[in-house]
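For reference, the structure discussed in these notes is given below.
Both counts, for ligands and for their atoms, begin at 1 and track the order of listing. Numbers here simply count residues along the sequence, with the first being 1. Both backbone and side-chain heavy atoms feed into the values below; hydrogens, waters and symmetry mates do not.
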Amino acid sequence: MISSELLEILACPSCKGDLVYDAEKALLTCHGRHCSQCGMPLDDAGNCTCEACAAVPARAVGLEYRIEEDIPIMLIDEARKFDVP
Ligand SMILES: [Zn+2]
Ligand SMILES: [Zn+2]
């Protein structure tokens with residue numbers, strides 16, 4: 001379990017958005033729109049601003065951070081990506 005105090009200060013390391021906590025699955029999910037390639041937040045037009053991704057159209061994905069032994073793994077590289085509309 002993660003304490004509500006900790007939950008309150010946790011935010012998505014990519015977009016600083018709010019996270020949804022699923023205690024059963026031990027997951028913290030950000031439903032924001034992130035680049036499918038680098039994981040950084042997309043701009044309002046749905047484009048990634050980093051140079052590496054500029055050549056390839058970015059897909060919007062949400063990020064799912066797992067919790068291991070009550071420690072949330074807040075790393076963009078470690079997050080599972082899932083498609084968002
Ligand atoms: Zn996010
Ligand atoms: Zn990108």
request  = Determine yes or no for a side-chain-to-main-chain donor-acceptor pair under 3.5 angstrom, with His34 supplying the side chain and Gly32 the backbone.
outcome  = yes

inquiry  = Report whether any nitrogen, oxygen or sulfur of Cys12 sits less than 2.8 Å from the Zn ion (ligand 1) (N, O or S, backbone or side chain).
reply    = yes

key: Non-hydrogen side-chain atoms of Leu10 and Tyr21 separated by less than 4.5 Å   = no

ask   = Quick one: does Ile67's side chain get under 4.5 Å of Leu28's, heavy atoms only?
value = yes

ask   = What does the angle at the Zn ion (ligand 1) come to, between atom SG of Cys15 and atom SG of Cys30, rounded to 10°?
value = 100°

request  = State, to the nearest 10 degrees, the angle whose vertex is the Zn ion (ligand 2) and whose arms point to SG of Cys38 and SG of Cys53.
outcome  = 110°

query = Does any N, O or S atom of Cys50, backbone or side chain, fall under 2.8 Å from the Zn ion (ligand 2)?
reply = no

ask   = Mind checking what makes salt bridge (charged side-chain N to carboxylate O under 4.0 Å, His left out) contact with Asp83, not counting sequence neighbours?
value = Arg59

Note, Cys30 side chain near Cys15 side chain (heavy atom, < 4.5 Å) = yes

note = Angle subtended at the Zn ion (ligand 2) by Cys48 SG and Cys35 SG, to the nearest 10 degrees, is 110°

